[in-house]
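Step one of this worksheet: look at the structure below.
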Amino acid sequence: MTTPYELAKEAASALAEKTGVEKHDIALVLGSGWLPAVDALGEDYTEIATTDLPGFSAAAVQGHSGKIRSIRSASGRNLLVFLSRTHYYEGKGVDAVVHPVRTAAAAGCSTMVLTNGCGGLNPSWSPGTPVLIRDHINLTATSPLVGANFVDLTDLYSSRLRELAKQVDSSLDEGVYVQFPGPHYETPAEVKMAGIIGGDLVGMSTTLEAIAAREAGMEILGISLVTNLAAGISDQPLNHAEVLEAGRSAAARMGGLLSNLVPKI
Ligand code: 8IG
């Protein structure tokens, strides 16, 4: 049987062959609302479909694009950008969720930038506000790791990378990201609970990927784009169109943030 790690190696070989890039340096996963920022990362690129590589399945959510872009940045870094992710709620299993991370590690990436769109608990974070993830609470009740693999998650979201991000944008706040399984949004009571246990952001991704990236020895940066106030924080109902719109209007800022960060890493 092929292990998830072997499958990731196969994907990395296919990636090298299809892009002509032997080794990538920095991987980025673009979450909900982040797609419009991709062009700011560089114009010199090759794009492939995730389904061109072993182990990837087609994108499932409207506004999520099943593509991978290999970008040669202006500062000479080979960026591996996933324009969408597989979410835990798709039911394809945790290995499918973290396959991009393991592929990036096998492709040579030593840095993993995980972005997402999420709900915010702090009413001062208006839709379109980026927030650095300082730590997470994983409420999925699962892990990408199997067996007696006691990986340390201290400083999972690198304080070094958070400081670099603040050099680019000193107005960036930090928060604790709470991953719920989804796909439904939280009830107001669940959002209240998230706050009581120490959370600032609620979403449906990122924590399992961060754990897999740490296992692979990568340095991790997490950035959430608050696209809506979490349920019960405002009196407005939540909808996916709002999420996409917040991304479109925040695109210039997110693009500037990522592209100015890359040369510093
Ligand atoms: I975008 O309010 C986005 N994703 N769980 N809650 C959860 N996920 C989200 C939310 C939200 N907004």
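From a predicted model like this one, the values you see are computed outputs, not experimental measurements. As the structure lists them, so they are numbered: ligands from 1, and atoms in each ligand from 1.
Using cut-offs of 30° and 60° on the angle between ring planes, the pair F82 and F56 is parallel.
Within the listing of ligand 1, atoms 2 (O), 10 (C), 11 (C), 12 (N) sit less than 4.0 angstrom from a heavy atom of G119. Proximity to C118 (heavy-atom distance under 4.0 Å) selects the following atoms of ligand 1: 1 (I), 3 (C), 4 (N), 10 (C), 12 (N). The E186 neighbourhood of ligand 1 comprises atoms 2 (O), 5 (N), 6 (N), 7 (C), 11 (C), with distances under 4.0 Å to a heavy atom of that residue.
Using a 4.0 Å cut-off between heavy atoms, N228 contacts ligand 1 through its side chain alone, with no backbone atom that close. Only the side chain of Y185 comes within 4.0 Å of ligand 1, counting heavy atoms alone; its backbone N, CA, C and O stay farther away. Looking at T227 against ligand 1, only its side chain comes within 4.0 Å, counting heavy atoms.
Under 4.0 Å is where a charged nitrogen must lie from a carboxylate oxygen, and between D39 and R69 at least one such pair does.
Among residues two or more places apart in sequence or in another chain, the ring-ring contact (aromatic ring centres under 6.0 Å, His included) test is passed with Y88 by none. Under the ring-ring contact (aromatic ring centres under 6.0 Å, His included) criterion, H24 pairs with no residue at all, not counting sequence neighbours.
Residues S158 and R160 have side chains that never bring a donor and an acceptor to within less than 3.5 angstrom of each other.
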